[in-house]
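Reading through the structure tokens given below for one structure.
Keep in mind that this is a model prediction, so the values were computed, not measured.
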Amino acid sequence: MLFRFTALAALAATATATNATGPYALRIVGKDNAEINGVAGACHAGAGIEGLCYADDASLPPTAAQFYYNYTSYNSETGEPTQPGLLTYLLTAGSTNGTITVPSAMQLDLTSWGSNVYTALILPGLTGGTSVYQFENGTLYMYGGYDDSSFNETYPTPIPTLGNLTNFHLCYQFTGGYYYRSISWITTPPAHNPSCEPVQLSFVETS
């Protein structure tokens, strides 16, 4: 696989994104498989597209494994940024004026209407990014919303919810235009893709 920066000559960019913290490493640890204990690296998945591929720490260029958390909400009283936020990465772009960086957000992309597997892709810019939360230990999660598994003609009281979900998985899958072992999100386990294994995805401070 290609752990590299993507050329995005047509895009204007800024060096950093608003309300971003980091850089962080993105640790991948198996929930059931102890042999999964590595990091995510940005891997080339198409023109201006990166995936989140699994790698050992030592096998990555440092810049391919640096990620950020962009807060997208604010405390109405203090004005301080609050969760949720975007998992972001700084893509590099070559241009006639030199090299620039493009803050780019992770999006969960459904590649097949017959599957429950959403591939994690990083696309240029922050618009359209998938909002995620993080626990105090840096583990990423998403709010599950309504639990409709028992819905019927009667209005539910109380309204059931799915709570906080950590449904990230590591799968062999088409990641953009390439076939990699990369991160995905499973809407309702088990995964339709039998190679998917559940993992914890966590931000870790870099030294």
Side-chain angles (χ1 to χ4, degrees), residues 18-21 24 26-34 36 40 45 49 51-52 54 67-89 104-123 125-176 180-203:
T18 304
N19 297 324
T21 60
Y24 304 105
L26 199 55
R27 174 66 56 184
I28 302 173
V29 177
K31 292 181 179 180
D32 303 323
N33 183 354
I36 299 175
I49 304 172
L52 293 177
Y54 179 78
F67 299 91
Y68 298 82
Y69 188 72
N70 280 59
Y71 290 95
T72 56
S73 296
Y74 295 87
N75 184 302
S76 60
E77 295 182 357
T78 66
E80 292 294 318
T82 61
Q83 299 189 62
L86 302 174
L87 190 166
T88 62
Y89 174 71
S104 304
M106 179 197 74
Q107 300 182 26
L108 297 176
D109 180 61
L110 182 64
T111 58
S112 170
W113 291 114
S115 180
N116 60 354
V117 180
Y118 283 71
T119 305
L121 298 175
I122 298 173
L123 280 73
L126 304 181
T127 302
T130 300
S131 294
V132 294
Y133 297 79
Q134 57 175 312
F135 293 116
E136 289 186 4
N137 65 358
T139 296
L140 301 182
Y141 69 94
M142 294 173 63
Y143 178 63
Y146 295 132
D147 180 358
D148 63 355
S149 61
S150 61
F151 281 7
N152 53 40
E153 68 275 7
T154 303
Y155 188 91
T157 305
I159 298 174
T161 64
L162 292 168
N164 299 328
L165 303 179
T166 57
N167 290 359
F168 288 104
H169 284 60
L170 185 62
C171 311
Y172 288 96
Q173 60 186 339
F174 283 101
T175 307
Y180 292 143
R181 193 184 191 196
S182 65
I183 291 296
S184 64
W185 176 271
I186 309 304
T187 53
T188 305
H192 188 264
N193 177 344
S195 76
C196 293
E197 299 183 77
V199 296
Q200 298 279 17
L201 194 63
S202 306
F203 282 129

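The shortest non-hydrogen separation linking Gly51 to Thr175 is CA-CG2, 3.7 Å. Taking all atoms of both residues into account, the shortest heavy-atom contact from Tyr24 to Phe203 is CB-CD2, 3.5 Å. Contact record, Tyr71 with Pro81: CB-CB, 3.6 Å, taken as the closest heavy-atom pair. Between Ala105 and Gly129 the shortest heavy-atom distance is CB-CA, 3.9 Å. Residues Ile28 and Tyr54 share a closest heavy-atom pair of CD1-CD1, 3.9 Å. In terms of heavy-atom proximity, Thr82 sits nearest to Asn75 at CG2-N, 3.7 Å.
Phe135 has its ring centre less than 6.0 Å from the ring centre of Tyr141. Here the two rings, on Phe67 and Tyr89, have centers that are under 6.0 Å apart.
Remark: side-chain polar atoms of Tyr69 are paired, donor with acceptor, to backbone N or O of Gly85 under 3.5 angstrom. Proximity of a side-chain donor or acceptor of Thr130 to a complementary backbone N or O of Leu108 within less than 3.5 Å is detected. Gln200 places no side-chain N or O within donor-acceptor distance of the main-chain N or O of Thr139, the cut-off being under 3.5 Å.
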Below 3.5 Å, can you tabulate the donor-acceptor pairs from side chains in residues 156-164 to any protein atom, sequence neighbours excluded?
none

Which atom pairs, one a donor and one an acceptor, fall under 3.5 Å between side chains of residues 113-121 and the rest of the protein, sequence neighbours left out?
from   : atom 1 : to     : atom 2 : distance (Å)
Ser115 : OG     : Val117 : N      : 3.1
Asn116 : OD1    : His192 : N      : 2.8
Asn116 : ND2    : Thr188 : O      : 2.9
Asn116 : ND2    : Pro190 : O      : 3.0
Thr119 : OG1    : Gln173 : OE1    : 3.2

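Remark: Tyr68 engages no residue in a ring pair (Phe, Tyr, Trp, His ring centres under 6.0 Å) (not counting sequence neighbours).
Taken to the nearest 0.5 Å, the CG atom of Leu170 stands 9.0 Å off from the CG atom of Asn33. Rounded to the nearest 0.5 Å, atoms CG (Leu86) and OG1 (Thr127) are 9.5 Å apart. The CG atom of Asn167 sits 10.0 Å away from the OG atom of Ser184 when rounded to the nearest 0.5 Å. The CG atom of Leu26 sits 6.0 Å away from atom CG of Leu140, with the distance rounded to the nearest 0.5 Å. Rounding to the nearest 0.5 angstrom, the gap separating the OG atom in Ser104 from the CG atom in Asn70 is 10.5 Å.
Among residue pairs with one or both ends in residues 155-176, those qualifying as ring pair (Phe, Tyr, Trp, His ring centres under 6.0 Å) are Phe168-Trp185, Phe174-Tyr179; sequence neighbours excluded. Listed by first and then second residue, the disulfide (SG to SG under 2.5 Å) pairs that reach into residues 131-162 come to none, sequence neighbours excluded. Listed by first then second residue, pairs satisfying salt bridge (charged side-chain N to carboxylate O under 4.0 Å, His left out) with a partner in residues 182-198 read Arg181-Glu197, not counting sequence neighbours.
At a threshold of 4.5 Å between non-hydrogen side-chain atoms, the residues Met106 and Val132 count as touching.
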